[in-house]
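The structure appears below as structure tokens.
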Amino acid sequence: MKKLALSDDILMQVEKPARYIGNEVNIVKKDPSQVDIRVAMCFPDVYEIGMSHLGIQILYEKFNRREDVYCERVYSPWPDLSKIMKDQKIPLFALETQDPIKDFDFLGITLQYEMCYTNILQVLDLSQIPLLSKDRTDDDPIVMGGGPCTYNPEPIADFFDFFFIGEGEMSYEELYDLYKEMKLSGSYSRETFLRTVCKIPGIYVPSLYDVTYKEDGTILDFKPKYDDVPSKVRRVVLTNMDEGEYPMKPIVPFVKATQDRVVLEIQRGCIRGCRFCQAGMVYRPNREKSVELLKKYAKEMLKNTGHEEITLSSLSSSDYSELENLVNFLIDDCADEGLNISLPSLRIDAFSLDVMAKVQDIRKSSLTFAPEAGSQRMRNVINKGLTVDDILNGATMAFKGGWQKVKLYFMLGLPTETDEDMMAIPQLANEVAAAYYETVPKEQRLGKCQITMSTSFFVPKPFTPFQWAEMYEPGEYLRRAKVVNDTMKAQLNHKSLRYQWHQADVTVLEGVFARGDRKVSSAILYAYEHGALFDAWTDFFDLDLWKEAFEQCGISVPFYAYRKRELDEILPWDFIDVGVTKEFFIREWNNAMKESVTPNCKARCSGCGCKSYGGGICHAV
Amino acid sequence: MRYRVKFQKYGVMKFVGHLDIMRYFQKAFRRAALPIRYSEGFNPHQIMSFAAPLGVGITSDGEYMDVDMKEEVLSEDTLQKLDSVMVDGMKILEFRALNDSAKKAMTAVRAASYLLYYKEDIFLSKEDLQSKLAAFYGRPEILIIKMTKKSERELDLKPLIFSFEVVELPEVLREESAYSFGLKLCVSTGSTDNIKPELVMEHFHKSAGLEDVSFGIHRVDLYTFDDNEELISLGDVGYDVQ
């Protein structure tokens with residue numbers, strides 16, 4: 001049996017040692033001496049979170065289909081082990097072979113949220129790879145990044161050799177072929193390799209670009225250092241979803257992962273066009289997988305994993321055209337007595353209520369609505385199509401069906417938000433509660449209904465119509481939460497209402513990172529070197545340390561997080577051609593200010609630019 | 001129909017804790033498409049119960065769980081099917097039917113035997129170890145203070161240790177061991193008087209003047225009493241369906 005990278009003594013000292021042993025069901029085993037390229041894919045957070053991520057499983061499957069590549073996995077060691085490894089200089093290792101990452105050819109890191117940035121540095125540091133790209137030699141692995149945060153990679157640009165912008169199913173073949181050819185012919189050097197890959201679609205090599213700044217700190221110019229380096233990097237897209245590789249034998253962890261179930265991706269992209277939502281913009285166009293393929297996948301994956309639960313993954317499952325067909329298949333043809341079907345939040349209608357009644361315990365489960373804003377005016381600003389009638393009709397139907405718990409999700413601090421808009425949040429919740437008492441006769445009620453409102457604070461994201469918007473300071477966010485709370489207490493049905501709001505501190509950091517430029521990287525490095533790690537975990541997040549880091553590195557939080565941008569400012573992420581044009585974002589920003597609604601992609605094409613990809617909803621008849 | 005499954009747990013699998021092993025087997029039964037019975041209700045779960053949880057870090061040749069099948073299955077065939085979906089380090093050894101009168105593994109288990117081996121030099125020969133052991137186990141009573149959550153009480157270990165001897169180690173354990181010999185211990189296990197091998201070793205080491213030595217633990221088997229109050233392997237209660 002294989003040797004572990006860590007001794008028994010160390011494994012017995014740390015929490016959940018099974019995070020570090022590999023050997024899970026369905027891992028890929030290869031002889032490393034028989035491949036040309038060794039790749040480690042990393043999710044820079046703890047194992048249980050990382051193992052729940054579909055993207056890495058897709059890439060793991062795709063890369064390992066190549067005979068000349070062996071792709072393994074690595075996650076952030078938990079702080080207990082991290083300290084031991086750092087103290088004893090034990091190099092970070094891949095789970096499958098337990099070999100050190102520093103001996104690999106590529107280290108790929110997926111960037112799912114901004115709060116993982118210090119964990120990237122931890123992974124590099126423990127791997128004994130220089131933290132800054134410029135300090136690496138030909139013997140170090142190539143460090144590549146991908147995922148949603150690459151839509152503004154600038155705050156972490158110094159740590160990566162290149163970023164992959166777009167969908168992982170694309171472009172990797174070319175990349176690996178090129179690497180292999182250079183290695184075999186002896187012409188490889190880090191510099192020549194990066195200089196060549198920058199021409200592959202979707203690949204952005206930060207070191208090949210110069211950024212200059214104006215006196216006020218905004219960008220003066222962002223341009224390639226050499227003539228043959230592309231000035232724009234276009235996002236790459238898999239046009240036909242049925243052609244993408246899909247992991248039919250996903251790895252089944254021993255330690256219970258957050259996503260301990262089969263995940264069936266039914267479509268990519270979203271037709272809705274909510275103006276605050278980055279995912280709704282950067283994954284356009286909406287592309288569905290064919291229902292017959294999904295049925296086949298569902299059966300196979302359940303068989304191969306033994307999971308007792310299956311769920312659907314997409315940005316808006318109700319918009320999937322064959323949803324009824326698929327869900328009925330899962331209930332009728334897949335479900336044995338042990339199978340759980342967990343449905344993502346669906347639009348509440350007769351169909352979804354009927355399905356939910358079949359698959360869950362009504363008394364215990366709750367219905368979820370995401371109106372995002374309380375007033376119709378505000379919902380028009382953000383282009384959220386849901387109306388009060390939709391919510392009340394849905395809730396009434398559900399109350400008739402036996403439900404009595406409803407969750408409502410909102411955002412505070414959206415552009416143009418007034419106190420009236422905030423007060424509309426508990427007023428809406430009150431109306432939902434009133435609908436319960438009107439619908440359900442007293443003798444049929446099992447106590448009160450429970451309406452839970454939850455608010456998060458709005459963070460403007462790149463490549464959305466709100467990318468220029470101002471963001472508020474924590475104090476102002478908390479004032480807004482108080483307006484909601486005070487208004488709630490004055491409602492007739494306040495005893496049936498509950499209110500939860502998010503921490504405002506983390507929001508500030510997200511704000512800085514989301515729209516930051518290259519200068520921000522120095523603060524991330526400072527924070528890591530002074531002990532910041534696992535910032536996404538409330539237990540570890542240390543706001544004071546980050547304040548110190550920003551101060552020491554001359555990073556102005558108001559400049560990066562709160563400031564409203566001018567429409568003609570050069571934004572740090574402008575070099576990316578995401579498919580959606582800047583003209584569209586400006587048009588949508590103006591529509592928002594006019595409180596004017598833009599129809600969804602199925603109703604009418606609004607000319608965002610993504611038709612140029614040649615697939616999906618843009619070309620559906 | 002109830003069946004008793006016996007399995008091995010080796011290598012890196014010793015770091016997978018008891019709860020995770022339970023989840024692992026639930027999924028394994030589904031992968032093998034075996035007709036295991038589920039409980040009723042909104043969240044049905046497989047009817048499966050383990051004899052005695054194994055501590056993290058311990059390997060084993062004798063782990064047991066009882067399962068309820070919807071129909072009669074053949075021992076060899078079912079064993080093969082379940083074994084074919086195992087990971088490295090897990091091996092199915094027996095799949096035997098139980099009579100209706102057979103007690104559940106969890107209530108039946110009365111003793112467990114372990115092999116204990118030293119991972120580093122303890123500066124003792126086999127003979128030295130034997131005499132240290134004789135000095136400890138030869139006493140008429142071995143009184144210890146057992147700490148519980150609420151109180152502490154005096155306990156005599158002697159009647160709860162069924163045997164304790166120096167033995168030659170099997171090949172598979174020698175890789176990890178500093179010596180070709182080790183200790184074999186059989187102790188009371190189960191719902192009453194559940195004695196962990198670590199506890200006995202702690203007191204043996206104290207008596208032998210061996211502080212802070214690092215040793216490995218391997219469970220050999222679990223036992224119940226037969227009609228004559230003799231210890232028999234928990235697996236021998238069942239019978240093969242052919």
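Chain identifiers are assigned alphabetically (A, B, ...) following the order of the sequence lines, protein sequences preceding nucleic acid strands; residue numbering begins at 1 within each chain. Keep in mind it's a predicted model, so treat the numbers as computed, not measured.
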Is the closest side-chain donor-acceptor distance between A:Ser33 and A:Asp31 under 3.5 Å? yes
Please state whether the side chain, the backbone, both or neither of A:Asn304 comes within less than 4.5 Å of a heavy atom of chain B. backbone
Ring centres under 6.0 angstrom apart (B:Phe204, B:Phe164): yes
Tell me which of these, B:Val56, B:Ile21, B:Val85, has more heavy-atom pairs under 4.5 Å with chain A than the rest. B:Val56
Quick one: what part of B:Ile36 sits under 4.5 Å from any heavy atom of chain A, side chain, backbone, both or neither? backbone
Kindly say whether the aromatic ring centers of A:Phe534 and A:Trp78 come within a distance under 6.0 Å. yes
What is the ring orientation for B:Tyr10 with B:His218, classed by angle as parallel under 30°, tilted 30 to 60°, or perpendicular over 60°? tilted
So for A:Leu302, is it side chain, backbone, both, or neither that comes closer than 4.5 Å to the heavy atoms of chain B? neither
Measure the acute angle between the ring planes of B:Tyr179 and B:Tyr118, then classify it against the limits of 30° and 60° as parallel, tilted or perpendicular. perpendicular
At a heavy-atom distance under 4.5 Å, which candidate from A:Asn26, A:Asp260, A:Val252 has the highest pair count against chain B? A:Asp260
